[in-house]
Amino acid sequence: MAKVSISKTLKDEILKKFKEESKIIFRQMYSLAENPHKGKLLGNVGGIVIKELKYKSFRFYFITDGYKLKIMDESNLVDLLIRFVRMSDKKDQQQTINEIKKILLNFGAKRFDL
């Protein structure tokens, strides 16, 4: 089972924007612990995979180790960390993806407040 982590700033943003609906969103995010292959693949930066989950017109972006995700089977995914880092609506989607890629290129995954 993989470990799912949500950055504090993203968690606060979701709670502020969605209020009661945030429970549904968090449930969907934490379901990745059981099925880490879920989500749409958006890109790859230095072995780190960027994927998204959709909820209505919003996208929630997460990063994970692409090598572990590809090679390991379900029983060996204990070491896999799935980190949710950003969210956007449909109109800001490409800008947010480019921002995540730029941060990963310049600073690596450590830059996202772990």
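Computed from a predicted structure; not experimentally measured. Positions are given from 1, in the same order as the sequence printed here.
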Problem set entry | Note, Ile6 side chain near Phe26 side chain (heavy atom, < 4.5 Å) | yes
For this session: With the side chain counted from C-beta on, respond yes when Ser88 and Tyr61 share a heavy-atom pair under 4.5 Å apart, and no when they do not.
Result: yes
Exercise. Lys56 versus Glu21: any side-chain heavy-atom pair under 4.5 Å?
Worked result: yes
For this session: Calculate, to the nearest 0.5 Å, the distance between atoms CG and CD1 belonging to Asp92 and Ile97 respectively.
Result: 11.0 Å
Exercise. Under the side-chain contact (heavy atoms from CB on, under 4.5 Å) criterion, do Thr64 and Ile48 qualify, and how do the steps go?
Worked result: CA-CA 6 Å; Thr64 190; Ile48 299 173; over 6 Å; no
Exercise. Which distance, rounded to the nearest 0.5 Å, do you find between the CG of Leu32 and the NZ of Lys3?
Worked result: 14.5 Å
For this session: Considering non-hydrogen atoms only, spot the tightest contact between Arg59 and Ser57 and give its length.
Result: NH1-O, 3.5 Å
Exercise. CD/Gln95 to CD1/Ile100 distance, rounded to the nearest 0.5 angstrom?
Worked result: 11.0 Å
Problem set entry | Close side-chain approach of Ile50 to Asn44, heavy-atom, < 4.5 Å | no
Problem set entry | Reported CD1-to-CD1 distance for the pair Ile103 and Ile63, which is rounded to 0.5 angstrom | 9.5 Å
Problem set entry | side chain to side chain contact (heavy atoms under 4.5 Å, CB included), paired with Leu10, selected from Arg86, Met87, Arg83 | Met87
Exercise. Would you call the rings of Phe18 and Tyr55 parallel, tilted or perpendicular, where under 30° means parallel and over 60° means perpendicular?
Worked result: perpendicular
Exercise. Is atom NZ of Lys23 surrounded by more than 12 heavy atoms (other residues, nucleotides or ligands) closer than 6.0 Å?
Worked result: no
Problem set entry | Side-chain heavy atoms of Lys54 within contact of Glu52, under 4.5 Å | yes
For this session: Using the side-chain contact (heavy atoms from CB on, under 4.5 Å) rule, take Lys11 and Ile14 through it: C-alpha gap first, then chi angles, then the decisive distance, then the call.
Result: CA-CA 5 Å; Lys11 192 177 282 190; Ile14 291 170; 5.9 Å; no
Exercise. Are Val85 and Thr9 side-chain neighbours, meaning at least one heavy-atom pair lies under 4.5 Å?
Worked result: no
For this session: Carefully, step by step, assess Lys16 and Asp12 under the rule salt bridge (Lys or Arg N to Asp or Glu O under 4.0 Å).
Result: CA-CA 6 Å; Lys16 182 179 176 183; Asp12 293 343; over 6 Å; no
For this session: Taking the side chain as every heavy atom from C-beta outward, state whether Leu53 and Phe84 have any pair of such atoms under 4.5 Å apart.
Result: yes
For this session: Taking the side chain as every heavy atom from C-beta outward, state whether Ile82 and Pro36 have any atom pair closer than 4.5 Å.
Result: yes
